[in-house]
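First up is the structure itself, then whatever we jot down about it.
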Amino acid sequence: MPNKNYRIVQLSDLHLTGDNKDYRSEPKLFGKLKGMNDAFHNLASNSIVRESDQILFTGDITDKGDLKAWTFFWDTLEKFNLKEKSTIIPGNHDMCCLGARLPKDDKKLVADDLKKFHAGLAIGNCGALKYPCTIKLNDQIVVFAIDSCNKGNTTAITNAMGHIGYQQLERFARMLYKFRDIKVKMVVLHHSPNIPSNQTATKRGVEKMSELDRWGMEMPTEDRRALRLLCVAHKVRIVIHGHLHRAEDRRVNSVRYIGAPASTQPYNGKFSFFTYEVTPSGAKVIPKLVTI
Ligand SMILES: [Fe+2]
């Protein structure tokens, strides 16, 4: 048994661009964010990140999925010696169609989206990952990484929707059973499987979302319910996600759900991200929102 806490850092929604002066894609005319590349470089040099045991990138590593942005990502990981302890989960900006394309054979569109993501991974000599996948961090901790992107979309309106699908859920169920004896099970995905209703948002003190935003960001009810049921049945300790660019920490049917802020976006001039300290016996997982 290890004699010190195992520290996981979650970095999310970096939205890296080809050039540091490029603006982040966001649905507003004025006040778009830029400087994400410099912000990531600073994060990567931070001692909390560098001294962590594992880094989980919960999607939207790039803003448009372009190879220059991926190159910057991998070069930065190499520079700070972080690559070996990094796990990548895709976000809609890494994979999906952000503009418009002609509808054609769905399978072909999905294959195109996967190809785009895999090209980004290949720059870092990271093989094509098949989701869900498991990463056993030590004898006490296993991470289940899920692809929640709505691959094969044809319009910008549908690019941010979540989707897991029966096949991934079925494989996820089998993986949970296989690792049933591991104490700390973490589920990692990009999309929020729990966007609160307006009433719940008020109760939790988080910003309410319009019906349209919810429709455009949420994953289908059956996916959310199946994921939740599997997590409860197999005593998953924590589900972490990104996508909404806001910090959230809540319990849903006994499972803790953490939503990450965008790590390269300043909030009141500071950058923030979550860390998870797992105690040596695996008895506790302690999330902490760190501000630097
Ligand atoms: Fe994002």
Side-chain angles (χ1 to χ4, degrees), residues 8-19 22 24-25 36-37 39-41 43-44 49 52-98 101 107-137 142-153 159-160 162-165 167-168 171-172 175 186-191 240-243 260 262-264 273:
I8 298 166
V9 164
Q10 180 189 10
L11 299 180
S12 198
D13 295 84
L14 309 177
H15 288 266
L16 302 176
T17 49
D19 189 294
D22 294 341
R24 187 171 72 174
S25 313
M36 292 78 72
N37 292 16
F40 178 53
H41 188 275
L43 276 171
V49 175
S52 66
D53 296 296
Q54 174 73 202
I55 307 172
L56 301 174
F57 288 94
T58 44
D60 286 359
I61 285 101
T62 64
D63 192 57
K64 294 191 178 79
D66 60 295
L67 299 185
K68 263 182 99 177
W70 275 111
T71 302
F72 180 79
F73 173 71
W74 290 114
D75 285 351
T76 309
L77 292 192
E78 292 267 10
K79 182 175 177 182
F80 294 103
N81 208 16
L82 304 174
K83 195 171 152 187
E84 297 308 315
K85 59 179 178 184
S86 292
T87 297
I88 318 293
I89 289 98
N92 51 306
H93 281 252
D94 304 311
M95 241 187 200
C96 296
C97 167
L98 301 172
R101 57 184 170 182
K107 279 189 181 161
K108 173 81 175 72
L109 291 177
V110 170
D112 288 349
D113 290 347
L114 284 168
K115 209 167 135 188
K116 176 177 155 187
F117 177 58
H118 291 159
L121 294 183
I123 291 176
N125 294 317
C126 181
L129 298 171
K130 188 169 162 66
Y131 299 94
C133 59
T134 52
I135 306 107
K136 197 177 167 204
L137 301 182
V142 63
V143 169
F144 300 85
I146 292 174
D147 168 11
S148 59
C149 297
N150 184 30
K151 297 176 291 299
N153 70 305
N159 91 81
H163 175 75
I164 298 178
Q167 287 189 349
Q168 271 203 98
R171 290 214 310 279
F172 174 51
M175 286 171 174
M186 284 184 85
V187 169
V188 182
L189 74 171
H190 179 62
H191 291 74
I240 68 173
H241 66 85
H243 195 44
S263 311
T264 52
F273 56 89

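All values below come from the heavy atoms of this structure, side chains included, with hydrogens, waters and symmetry mates left out. Heads up: numbering here begins at 1 and tracks the sequence.
The CG atom of Leu56 lies 12.0 Å from the CG atom of Leu189; values are rounded to the nearest 0.5 Å. From Phe72, atom CZ reaches atom CD1 of Ile123 across 13.5 Å, with rounding to the nearest 0.5 Å. The structure places CD1 of Ile135 at 11.0 Å from OG of Ser86, a figure rounded to the nearest 0.5 Å. Rounded to the nearest 0.5 Å, atoms CZ (Phe172) and OG1 (Thr134) are 11.0 Å apart. To the nearest 0.5 Å, atoms CG (Leu67) and NZ (Lys116) are separated by 10.0 Å. Annotation: the span from Asp112 atom CG to Cys96 atom SG amounts to 12.0 Å, rounded to 0.5 Å.
Proximity of Thr87 to Val188: side-chain heavy atoms (C-beta onward) are nowhere separated by under 4.5 Å. The side-chain heavy atoms of His93 and Leu98, taken from C-beta on, include a pair separated by under 4.5 Å. The shortest side-chain heavy-atom distance between Asp13 and His190 falls under the 4.5 Å cut-off. Residues Asp53 and Leu137 are not in side-chain contact: their nearest non-hydrogen atoms beyond the backbone lie 4.5 Å or more apart. Looking only at side-chain heavy atoms (C-beta outward), Phe273 and Ser263 come within less than 4.5 Å of each other. Contact of the Lys151 side chain with the Leu109 side chain is not registered, since no non-hydrogen atoms from C-beta on lie closer than 4.5 Å. For the pair Leu11/Phe40, a side-chain contact is recorded, criterion being any heavy-atom separation below 4.5 Å from C-beta on.
Minimum heavy-atom separation, Gln10 to His241: NE2-O, 3.1 Å. Contact detail for His191 and Ser148: the closest heavy-atom pair is ND1-OG, 2.7 Å. In plain terms, the two heavy atoms of Leu129 and Leu121 that are nearest each other are N-CD1, 4.2 Å. In plain terms, the two heavy atoms of Pro132 and Met175 that are nearest each other are O-CE, 3.0 Å.
Annotation: Asp19, atom CG; neighbour count of heavy atoms from other residues, nucleotides and ligands within 6.0 Å is above 12. Atom NZ of Lys83 sits in a crowded spot, with more than 12 heavy atoms from other residues, nucleotides or ligands closer than 6.0 Å.
One N or O on the side chain of Arg171 and one on the backbone of Tyr131 form a donor-acceptor pair closer than 3.5 Å. Here the side chain of Gln168 pairs no donor or acceptor atom with the backbone of Ile146 at under 3.5 angstrom. Judged by distance alone, the side chain of His15 and the main-chain N or O of Asp63 form no donor-acceptor pair under 3.5 Å. A distance-only check finds a donor-acceptor pair linking the side chain of Trp74 to the backbone of Gly120 [under 3.5 Å]. In this structure, Lys85 contributes its side chain and Ser52 its backbone to a donor-acceptor pair below 3.5 Å.
The one candidate from Thr264, Asp60, Thr58 that meets the side-chain hydrogen bond (donor to acceptor under 3.5 Å, both in side chains) condition with Ser12 is Thr58. Considering Leu14, Thr62, Asn37 as possible partners of Phe73, the one that fulfils the side-chain contact (heavy atoms from CB on, under 4.5 Å) test is Leu14.
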Inset, instruction - Could you go through the side chain to side chain contact (heavy atoms under 4.5 Å, CB included) check for Leu114 and Met95 one step at a time? - result: CA-CA 7 Å; Leu114 284 168; Met95 241 187 200; 3.6 Å; yes

Legend entry - Test log, rule side chain to side chain contact (heavy atoms under 4.5 Å, CB included), inputs Asp94 and Phe57: CA-CA 12 Å; Asp94 304 311; Phe57 288 94; over 6 Å; no

Inset, instruction - Could you check Met186 against Ile8 for side chain to side chain contact (heavy atoms under 4.5 Å, CB included), going step by step and ending with a plain yes or no? - result: CA-CA 11 Å; Met186 284 184 85; Ile8 298 166; 3.5 Å; yes

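Salt bridge status for Arg101 with Asp113: present, with a side-chain N to carboxylate O gap under 4.0 Å.
When only modelled atom types and interatomic distance are considered, Asn92 and Asn159 share a side-chain donor-acceptor pair under 3.5 Å.
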